[in-house]
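Inspection log for the structure reproduced underneath, given as structure tokens.
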Amino acid sequence: MSQTEPEPTLWDELTSPVNFTLLLVIAYLIYKILRAKFEPESEAAPPIQRLPKLRKDLTVQELKKYDGTQPDGRVLLAVNGVIFDVTRGKSFYGPGGPYAAFAGTDATRGLATGTVAGSDKEYDDVSDLTPDEVSAAKEWEEQFTGKYDIVGRLLKPGESPKQYSDDESEGKKTQ
Ligand code: HEM
């Protein structure tokens, strides 16, 4: 008669080194995200809701400075060639936030592939994305369209910026 190994209990599963490490990683991510969501804006933070509306097309290079580290704290990111002002979501994208890597970048590839990293290319045409990744990026674009202001288009090399009729100067307040 052969001796069978006892079935591992749920406790054994949870405390196995690999599972335990995974649990810690997930708990840490959830902690960071929830903290970003509920943390009150720091006293020193500029009154971000009062930033003037920005309406212009930008190159990848020009987009970079809008990563939340400028004195006005404005944060922009691009998805599928559309630039959004995500300053309202600064707790997500601002310095130290869980998605800070997307700030001031073309986030299309990262959002499409589930990787928290902005493109470091001069211009990423994302033509190699799979159909599933393309539709994931499209969903993010739709979500952002419903939540954030559109700033303009991300310019391909050689493209010229469009003049917007609703262009408002940096000095003009929206509210
Ligand atoms: C353990 C994995 C993850 C968990 C538990 C998680 C959870 C969350 C939660 C709770 C929010 C806040 C939603 C809200 O209040 O509107 C959020 C936002 C967000 N997540 Fe994740 N997430 C995870 C992974 C990722 C990954 C891999 C990406 C990259 C593609 C990502 C991209 C985002 C973005 C861009 C936002 C902000 C959306 C906005 O501006 O409204 N997340 N996530």
Side-chain angles (χ1 to χ4, degrees), residues 10 13-42 45-58 60 62-70 72-154 174-175:
L10 178 65
E13 294 280 5
L14 287 178
T15 53
S16 88
V18 173
N19 289 346
F20 188 68
T21 311
L22 278 174
L23 273 179
L24 280 183
V25 170
I26 291 169
Y28 175 70
L29 277 175
I30 292 174
Y31 161 76
K32 266 205 100 176
I33 289 159
L34 290 180
R35 203 184 63 162
K37 198 165 151 58
F38 295 112
E39 198 175 56
E41 290 294 334
S42 103
I48 51 176
Q49 300 88 335
R50 303 216 168 235
L51 281 182
K53 191 170 174 181
L54 190 61
R55 195 80 174 99
K56 65 203 273 202
D57 297 342
L58 300 168
V60 171
E62 289 165 339
L63 181 62
K64 274 189 190 157
K65 73 168 180 168
Y66 296 100
D67 63 355
T69 60
Q70 298 284 311
D72 68 358
R74 195 189 293 271
V75 187
L76 307 182
L77 63 74
V79 190
N80 290 337
V82 183
I83 301 173
F84 293 94
D85 189 329
V86 297
T87 311
R88 283 199 303 121
K90 213 179 169 202
S91 54
F92 293 137
Y93 308 103
Y99 305 114
F102 289 137
T105 74
D106 178 3
T108 313
R109 181 176 297 274
L111 290 170
T113 59
T115 318
V116 185
S119 166
D120 54 3
K121 297 186 184 174
E122 196 191 319
Y123 184 84
D124 189 353
D125 72 4
V126 294
S127 56
D128 57 324
L129 293 184
T130 66
D132 281 353
E133 290 168 346
V134 169
S135 59
K138 196 81 210 150
E139 276 175 35
W140 279 107
E141 184 194 336
E142 278 159 20
Q143 186 178 316
F144 287 176
T145 304
K147 185 169 178 186
Y148 299 116
D149 286 339
I150 290 178
V151 172
R153 305 278 318 168
L154 185 64
T174 47
Q175 294 146 16

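Atoms within each ligand, like the ligands themselves, are counted from 1 in listed order. The figures that follow rest on heavy atoms only: side chains count, while hydrogens, waters and symmetry mates do not.
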So which heavy atom in the protein is nearest [atom], and how far is it from that ligand atom?
| atom | result |
| --- | --- |
| atom 15 (O) of ligand 1 | K37 NZ, 3.2 Å |
| atom 34 (C) of ligand 1 | W140 CH2, 3.4 Å |
| atom 10 (C) of ligand 1 | I33 CG2, 3.5 Å |
| atom 1 (C) of ligand 1 | L29 CD1, 3.7 Å |
| atom 13 (C) of ligand 1 | F92 CZ, 4.2 Å |
| atom 29 (C) of ligand 1 | V116 CG2, 3.8 Å |
| atom 41 (O) of ligand 1 | K147 NZ, 2.6 Å |
| atom 5 (C) of ligand 1 | I30 CG1, 4.1 Å |

With the side chain counted from C-beta on, respond yes when L111 and F102 share a heavy-atom pair under 4.5 Å apart, and no when they do not.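 Side-chain contact under 4.5 Å: yes.
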Within-4.5 Å side-chain heavy-atom neighbours: Y148 and L77: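 Not touching, per the 4.5 Å side-chain cut-off.
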Taking side-chain contact (heavy atoms from CB on, under 4.5 Å) as the criterion, tell me which of N80, V79, I83 meets it with F144.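 Running side-chain contact (heavy atoms from CB on, under 4.5 Å) over N80, V79, I83 with F144 returns exactly one hit, V79.
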Within the distance-only criterion (no hydrogens, no angle test), does the side chain of [X] pair as donor or acceptor with the backbone N or O of [Y] below 3.5 angstrom?
| X | Y | value |
| --- | --- | --- |
| R55 | V151 | yes |
| D67 | A103 | no |
| R109 | L129 | no |
| S119 | K121 | yes |

Which atoms of ligand 1 sit under 4.0 Å from any heavy atom of [X]?
| X | answer |
| --- | --- |
| G110 | 30 (C) |
| Y148 | 39 (C), 40 (O), 41 (O) |
| G114 | 27 (C), 30 (C) |

Take Y66 and V75 through the side-chain contact (heavy atoms from CB on, under 4.5 Å) test and state the conclusion after the steps. CA-CA 5 Å; Y66 296 100; V75 187; over 6 Å; no
Backbone or side-chain N or O of Y93 under 3.5 Å from ligand 1 N or O: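 Y93 vs ligand 1: N/O contact under 3.5 Å present.
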Residue pair D85 / T87, side-chain donor-acceptor N/O under 3.5 Å: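 T87 and D85 do have a side-chain donor-acceptor pair below 3.5 Å.
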Closest candidate by heavy atom, reference atom 22 (N) of ligand 1, pool F84, Y99, F144, Y28: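 The residue whose heavy atom sits nearest atom 22 (N) of ligand 1 is Y99.
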